[in-house]
Amino acid sequence: MSLSYDQLTKQDFEQLNTDLIGRDSLDVLRYAANEFKGKLVYACSFGAEAMVLLDLLSKVQKNAQILFLDTDFHFTETYQLIEQVKKRYPSFQINMAKPSLTPEEQRLQFGDRLWERNPDQCCQLRKLDVLERELQPYHAWLSGLRRQQSPTRATTQFINQDHRFKKIKVCPLIHWTEEEIWMYIELHQLPYNKLHDQQYPSIGCTYCTSPVAAGGDERSGRWSGSGKTECGLHAPIKGDES
Ligand code: SF4
């Protein structure tokens, strides 16, 4: 039986991270693939970090489970990239997970343009509820978070207590810089979302993603002008500070 969220105390998580001090991303992936075996899934955004993490994961677990939260609102370029990834890594099991409501059903129940009027509710329906549902069979999930991305991500560890979903969240890329991500992509000739070449450093749904001025914060194009900075998948909740 692999480790699970319920079995571990805060001290256990600290010890796991102490054991991984000085290890690199591949070491962390090997640890996770071995420890969680069939109970590990990568919730993949298909952003630039994801290209690196997918490539590293392919060296460790060729038939890894990949989960994409298909909100129905992604850019055409994102869906095209996923097709490229399927060709490059044919053994990956990619699950395009849909919300329980179609866009039209959401419009009928919650009104037009929910993403403008209440983006938190829209993200809840189209992302958080879906991730919670799809994580059920797993003990741990992988994420490509980097500490440098935002203040809320600056204290992310390799192995994290995910109080929101009651899972173990494994983040092998915490120490990577944006420059290192792009160097790896170029060095290994990895596919990437072509919108990155058009001033979109961070890419989500079409309605909530805009280009960023040169030199701007890499996540400032997400929910621009709304005050919202995270869809909620990685936002701290009560208990995270403990
Ligand atoms: S990012 Fe925007 S469109 Fe996508 S689920 Fe969240 S609020 Fe809705």
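Throughout, numbering of the chain's residues begins at 1 and tracks the sequence. Counting starts at 1 for both ligands and their atoms, in listed order. The shown structure was predicted, so the numbers you read here are calculated from the model rather than taken from an experiment.
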Any N, O or S atom of Cys205 closer than 2.8 Å to atom 6 (Fe) of ligand 1: no
With sequence neighbours excluded, residues passing side-chain contact (heavy atoms from CB on, under 4.5 Å) with Lys194: Tyr192, Asp197
Parallel, tilted or perpendicular: ring planes of Trp115 versus Tyr207, cut at 30 and 60 degrees: parallel
Phe73 neighbourhood, listing ligand 1 atoms whose heavy-atom distance to it stays under 4.0 Å: 3 (S)
Residue Cys208, metal atom 2 (Fe) of ligand 1, N/O/S under 2.8 Å: yes
For Arg117, salt bridge (charged side-chain N to carboxylate O under 4.0 Å, His left out) partners two or more places apart: none
Gly204, Cys123, Pro119: member with heavy atom nearest to atom 6 (Fe) of ligand 1: Cys123
Heteroatom test (N, O or S) for Cys122 near atom 8 (Fe) of ligand 1, limit 2.8 Å: yes
Value rounded to 0.5 Å, distance of CE in Met51 from CD in Gln84: 9.0 Å
Stepwise salt bridge (charged side-chain N to carboxylate O under 4.0 Å, His left out) test for Glu14 and Lys10: CA-CA 6 Å; Glu14 286 171 1; Lys10 182 175 175 243; 3.6 Å; yes
